[in-house]
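Below: one structure, written as structure tokens.
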Amino acid sequence: MSYAPWPEPFLQNMRRQLENPGLYKAFLEALGGRRTAGLRFNPLKTTRAQFLQLVPFDLEPVPWCAAGFYFDELVDHPGRHALHAAGLFYVQEPSAMSVVPALDVQREHWVLDMCAAPGGKSTQLAADLDHTGVLVANEIHPKRLKALGENLERWGSPGTVITQEDPSRLAQRWGPIFQRILLDAPCSGEGMFRKDAEAVATWSLAKVTELAALQRRLLAAAHDLLAPGGLLVYSTCTFNEEENERQVEHVLQEFPRMSLQRQERLWPHKQRGEGHFYAVFQKNDSDAVLPKRTLQAASGNLGHEETRLWSQFRRDYLLQVPLLDQDIFALQLRRERLYLIPKMLPTLVGLRVLRSGVELGQFKKGRFEPSHGLALLLQAQHCVHGLELDPDDPALEGYLTGHVLPGTSARGWGLVSAGGHGVGWAKESGGKWKNHYPKGLRRSGSVH
Ligand code: SAM
């Protein structure tokens, strides 16, 4: 697919930037070629070997990302598959997978993803944290925030907080508390020109200038939020030097404590992927005392009745679920809803928060009703009842559309699972499984 003609000022820029006519020709040819498509499996839920056994697609490894694979989008549609609804993988453009590994996230880190929606890189960061530390995924735009919330819920990561703030507010509120920051900046999207018609249609030189100013502002906030010794990765999906190399120069000039570790370009005529750029900075810590983290102790606000109802739900419907009992997580009650959240996290008072942790359920009129977020933390082996379906069973498609599922002698709540991985809840009613897949997520199709 090609969305040419490309804007003339863009072509002039590229001709100048690439200098060599042979390279420019190779670049144009690649830009006129087919876009690449990829997906990344979720190591919080499965292993590489199990994943490859479960999925029916033809996959080829992405060289720069251990969990990443290419697929052929003319043949397969992984985003519609039940294992996608189970959060077993995320569909992501292959070059975009190169950025998070450069951030070198370690267990226990506090990580900030400043511009996070729709969440491709956040899911990768959460996987690297492996249920330790904290990930704050921030996004300013309400519509994109919704997609971020859904994508992170499917991924199943109680250590994640989703905020909706301008990063300068986060900097004022928190100061330098993050050991790792990703700034995947809003950009002119030239690297997506063969993937996204809108990126071509909305491109202009004026927009590049405007975005470069926003990027400088976001970089200043990133600097203020980065702990001494911490790493910042700045990335874009554009070829434009104003938004890439000029921004790196700006950081080095403006913030003497920042040093450049490396920068990389991913070119469609050199790699099998779209255009991407990233730069890795470190903040030196020679003159600094590690700042005190602002902590919020999260545990212990369940009343006697909520504790009883939750324990009863666990006894009736769940077996051993190690994730629910990990010492770093705590249960928190907020407005009748029960959450599993990290015990230590940045204070959220005064900030707009979409969600912290995973919503486990709601207390309603003397009973506990499990939430979709809980289903996405579970496997069939964790549950007393359920409907364990083969990932390609058409009944799963029916479930995702809202259908009632046939036949059960069980009582109460059951987990609907694909290949053993939770997709959602169903509740026994008159010998059938009543569908509790969230209405807002249901696929279109007729519902019986
Ligand atoms: N990191 C995302 C991923 O991997 O899925 C893609 C991020 S996209 C390149 C940039 C995001 O920055 C957009 O979702 C945009 O809405 C958001 N954005 C724009 N201005 C922002 C601001 N002032 N603060 C935070 N996010 C902003």
Side-chain angles (χ1 to χ4, degrees), residues 38-40 65 67-68 79 89-103 105 111-128 135-155 157 160-174 178 180-193 195-196 198-199 202-203 207-208 210-225 232-240 243-244 247 266 273-278 351-354:
L39 58 82
R40 229 176 351 87
C65 175
F89 62 87
Y90 187 94
V91 176
Q92 186 180 34
E93 187 283 300
S95 293
M97 298 175 190
S98 65
V99 174
V100 167
L103 197 57
V105 170
V111 181
L112 171 64
D113 187 357
M114 277 175 59
C115 300
K121 293 179 181 101
S122 279
T123 57
Q124 207 173 352
L125 291 165
D128 283 355
L135 168 65
V136 176
N138 180 66
E139 168 62 43
I140 195 114
H141 289 294
K143 272 195 188 144
R144 293 179 60 91
L145 190 73
K146 182 171 178 284
L148 177 66
E150 290 171 6
N151 287 332
L152 283 169
E153 182 168 67
R154 266 203 315 277
W155 204 247
S157 164
T160 301
V161 177
I162 304 175
T163 56
Q164 185 192 8
E165 289 292 349
D166 189 273
S168 61
R169 269 210 86 215
L170 296 179
Q172 280 165 9
R173 190 84 186 85
W174 287 334
F178 292 97
R180 296 289 185 267
I181 295 181
L182 174 63
L183 170 48
D184 190 33
C187 72
S188 58
E190 295 170 2
M192 297 297 129
F193 269 11
K195 182 173 183 269
D196 183 357
E198 206 193 321
T202 57
W203 187 95
K207 190 175 158 197
V208 170
E210 193 185 305
L211 284 162
L214 173 60
Q215 290 153 0
R216 284 192 288 277
R217 200 167 69 67
L218 294 171
L219 277 163
H223 167 268
D224 294 350
L225 284 155
L232 160 68
V233 167
Y234 170 77
S235 58
T236 72
C237 58
T238 191
F239 303 113
N240 204 291
E243 301 173 70
N244 296 335
Q247 296 294 348
L266 284 95
E274 308 309 298
H276 235 82
F277 169 87
Y278 65 83
L351 294 173
R352 281 187 294 181
V353 178
L354 176 75

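Both backbone and side-chain heavy atoms feed into the values below; hydrogens, waters and symmetry mates do not. Along the sequence shown, residues are numbered consecutively beginning with 1. Atoms within each ligand, like the ligands themselves, are counted from 1 in listed order.
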Lys121 and salt bridge (Lys or Arg N to Asp or Glu O under 4.0 Å): which partner among Asp128, Asp113, Asp184?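 Among the candidates, only Asp184 passes.
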Using a 4.0 Å heavy-atom threshold (strictly under), name the region of Lys121 that reaches ligand 1: side chain, backbone, both or neither.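 Within the 4.0 Å criterion, Lys121 contacts ligand 1 through backbone and side-chain atoms alike.
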Contact partition for Ala96 relative to ligand 1, non-hydrogen atoms under 4.0 Å: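 No part of Ala96 is near ligand 1 at this cut-off.
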By number and element, which atoms of ligand 1 are closer than 4.0 Å to a non-hydrogen atom of [X]?
{"X": "Asp184", "value": "1 (N), 2 (C), 3 (C), 4 (O), 6 (C), 7 (C), 9 (C), 10 (C)"}
{"X": "Ala185", "value": "9 (C)"}
{"X": "Asp166", "value": "23 (N)"}
{"X": "Gly120", "value": "3 (C), 4 (O), 5 (O)"}

Please answer whether the main-chain N or O of [Y] pairs with a side-chain N or O of [X] as donor and acceptor at a distance below 3.5 Å.
{"X": "Tyr90", "Y": "Gly120", "value": "yes"}
{"X": "Arg217", "Y": "Ser168", "value": "no"}
{"X": "Glu139", "Y": "Leu148", "value": "no"}
{"X": "Ser95", "Y": "Glu274", "value": "yes"}
{"X": "Glu165", "Y": "Arg352", "value": "yes"}

Distance from [atom] to nearest protein heavy atom, with residue and atom:
{"atom": "atom 12 (O) of ligand 1", "value": "Cys115 CB, 3.2 Å"}
{"atom": "atom 21 (C) of ligand 1", "value": "Ile140 CG2, 3.4 Å"}
{"atom": "atom 24 (N) of ligand 1", "value": "Pro167 CD, 3.1 Å"}
{"atom": "atom 13 (C) of ligand 1", "value": "Arg144 NE, 3.4 Å"}

From the options Ala116, Ala117, Ser122, select the one whose nearest heavy atom is closest to atom 7 (C) of ligand 1.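 The residue whose heavy atom sits nearest atom 7 (C) of ligand 1 is Ala117.
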Could you check which of Glu139, Gln92, Met97 puts a non-hydrogen atom nearest to atom 16 (O) of ligand 1?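 Shortest heavy-atom distance from atom 16 (O) of ligand 1: Glu139.
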Say whether [X], considering both its backbone and side-chain N or O atoms, lies within less than 3.5 Å of an N or O atom on ligand 1.
{"X": "Tyr90", "value": "no"}
{"X": "Gly119", "value": "yes"}
{"X": "Pro186", "value": "no"}

Any heavy atom of Gly189 sitting closer than 4.0 Å to ligand 1?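 False for this residue.
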Regarding Thr236 and Asn244, is there a side-chain donor-to-acceptor distance under 3.5 Å anywhere?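 Note: Thr236 and Asn244 side chains meet the donor-acceptor criterion.
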Using distance alone, with no hydrogens and no angle criterion, decide if Asn240 and Ser188 have a side-chain donor and acceptor under 3.5 Å apart.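 Per modelled atom types, Asn240 and Ser188 side chains form no pair under 3.5 Å.
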Closest contact, heavy atoms only, Leu351 versus Trp174: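 Leu351 and Trp174 have their closest heavy atoms at CD1-CZ2, 3.4 Å.
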Can we say Glu150 and Arg154 salt-bridge, meaning some charged N sits less than 4.0 Å from an Asp/Glu carboxylate O?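 Between Arg154 and Glu150 there is no salt bridge, as every charged N stays at least 4.0 Å from the carboxylate O atoms.
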